[in-house]
Amino acid sequence: MANSKVRMKTSHGEIVIELEDTLAPKTVANFLQYVDDKFFDGTIFHRVIPNFMIQGGGFTPNMVQKTARANITNESSNGLKNLKGTLAMARLPQPHTASSQFFINCKDNDFLDKAKSGDGHGYCVFGKVTDGIAVVEMIEKVKSATKGGHGDNPIVPVMIESVTREN
């Protein structure tokens, strides 16, 4: 069975992501439910840190946090690594607190992998950018500031216009 793919249309261009259906089944099912519900449409990349990652999946352009579904189990023991261009779940300091927010790694971030993480849990990788890495790199370079108590927030919102299934 082929892995699922999604197309993320942003204000900076399109990003195609292949999901790891077999290695992160709960995480992929959760993400695809948000896609099917159009939850991500009209949200922003609310946290952008150059040479680290870009994070989205939870805030409107005016920094209002959307209500997400229940948290999911952290599948970080799936063997996938936080390499440049991979998609992973954002979470609170507790290991099983991911819900809707995700990030795309802008460089290899092995300290986020289960094996090297300080908390012994790490961050679950569940996909990789297959087209549009230049868009990720463009987003990574936008100017950011602290807005509404949130640091690393792009001064000009980086919109996630839509996320749709490719197959």
Side-chain angles (χ1 to χ4, degrees), residues 4-20 23-24 26-28 30-35 39-61 63 65-66 68-69 71-76 78 80-114 116-119 121-144 146-147 150-154 157-163:
S4 302
K5 285 189 178 180
V6 297
R7 178 175 300 272
M8 185 177 292
K9 292 184 180 177
T10 78
S11 54
H12 285 62
E14 295 187 2
I15 303 166
V16 177
I17 301 165
E18 181 179 341
L19 304 175
E20 294 286 353
L23 295 175
K26 292 176 186 167
T27 308
V28 169
N30 175 69
F31 184 80
L32 289 174
Q33 187 61 60
Y34 281 113
V35 169
F39 181 89
F40 299 129
D41 298 7
T43 61
I44 58 171
F45 279 101
H46 65 275
R47 191 169 171 229
V48 173
I49 303 175
N51 203 33
F52 179 39
M53 61 89 209
I54 61 174
Q55 181 175 335
F59 286 87
T60 65
M63 289 305 292
Q65 188 166 3
K66 293 183 75 170
R69 292 192 318 274
N71 294 338
I72 60 171
T73 302
N74 186 339
E75 295 180 298
S76 62
N78 62 18
L80 298 171
K81 299 193 179 312
N82 282 276
L83 302 173
K84 180 178 180 173
T86 57
L87 178 71
M89 289 304 293
R91 62 174 174 82
L92 298 171
Q94 301 79 20
H96 305 291
T97 54
S99 59
S100 68
Q101 292 186 37
F102 58 84
F103 61 92
I104 300 173
N105 286 291
C106 296
K107 70 174 194 82
D108 293 354
N109 290 312
D110 65 347
F111 70 97
L112 298 176
D113 297 339
K114 180 178 174 84
K116 294 194 175 181
S117 68
D119 67 3
H121 295 283
Y123 291 77
C124 175
V125 172
F126 67 102
K128 66 179 177 258
V129 173
T130 57
D131 190 27
I133 196 69
V135 174
V136 173
E137 291 168 346
M138 197 182 322
I139 294 169
E140 173 192 10
K141 292 179 176 91
V142 302
K143 294 208 180 309
S144 62
T146 298
K147 266 200 253 179
H150 296 274
D152 307 303
N153 188 266
V158 178
M159 296 298 303
I160 298 173
E161 295 164 0
S162 66
V163 185

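- In this structure, the side chains of E20 and N78 stay at 4.5 Å or more apart for every pair of heavy atoms.
- Side-chain atoms of P154 and I44, non-hydrogen and from C-beta on, never get closer than 4.5 Å to each other.
- In this structure, CG in D113 is found 9.0 Å from CG in D108, a value given to the nearest 0.5 Å.
- Just one residue in the list I17, V135, L87, V16 forms a side-chain contact (heavy atoms from CB on, under 4.5 Å) with M8, and that residue is I17.
- Rounding to the nearest 0.5 Å places CE of M159 at 7.0 Å from OG1 of T43.
- Within the 4.5 Å cutoff, no side-chain heavy atoms of K128 are placed close to those of L80.
- With a 6.0 Å radius and a threshold of 12 heavy atoms from other residues, nucleotides or ligands, K66 has its NZ atom above the threshold.
- Sorted by first and then second residue, the side-chain hydrogen bond (donor to acceptor under 3.5 Å, both in side chains) pairs with a member in residues 97-106 read H46-Q101, Q55-Q101, N82-N105, T86-N105, N105-N109; sequence neighbours excluded.
- Residues V129 and K84 are not in side-chain contact: their nearest non-hydrogen atoms beyond the backbone lie 4.5 Å or more apart.
- Atom OG of S144 is separated from atom CD1 of I49 by 8.0 Å, given to the nearest 0.5 angstrom.
- Taking each heavy atom of G122 and S117 in turn, the nearest pair found is N-OG, 3.1 Å.
- Among all heavy-atom pairs drawn from I160 and G56, the shortest one is CD1-CA, 4.5 Å.
- A ring-ring contact (aromatic ring centres under 6.0 Å, His included) with F39 holds for exactly one of F102, Y34, F59; it is Y34.
- Looking at heavy atoms from C-beta onward, R47 lies in side-chain contact with M53 at the 4.5 angstrom threshold.
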Checklist entry - Is there a side-chain contact (heavy atoms from CB on, under 4.5 Å) between F52 and L112 once you walk through the steps? => result CA-CA 11 Å; F52 179 39; L112 298 176; 3.9 Å; yes

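- Taking a cutoff of 4.0 Å between a charged side-chain nitrogen and a carboxylate oxygen, E75 and K26 do not qualify as a salt bridge.
- Ion pairing between E140 and K107 fails under the 4.0 Å rule for side-chain N and carboxylate O.
- The shortest side-chain heavy-atom distance between V136 and F45 does not fall under the 4.5 Å cut-off.
- For the pair N74 and C124, the tightest heavy-atom approach, listed with the atom from each and the gap, is OD1-CB, 3.6 Å.
- Checked against side chain to side chain donor-acceptor pair (under 3.5 Å), D152 has no partners two or more places apart in sequence or in another chain.
- Atom NZ of K5 has 12 or fewer neighbouring heavy atoms from other residues, nucleotides or ligands inside a 6.0 Å radius.
- Between P93 and D119, the closest heavy-atom pair is O-OD2, 3.9 Å.
- The line from CD of E161 to CD of E14 is 9.0 Å long, rounded to the nearest 0.5 Å.
- With no hydrogens or angles considered, a side-chain donor-acceptor pair links R69 and N30 at under 3.5 Å.
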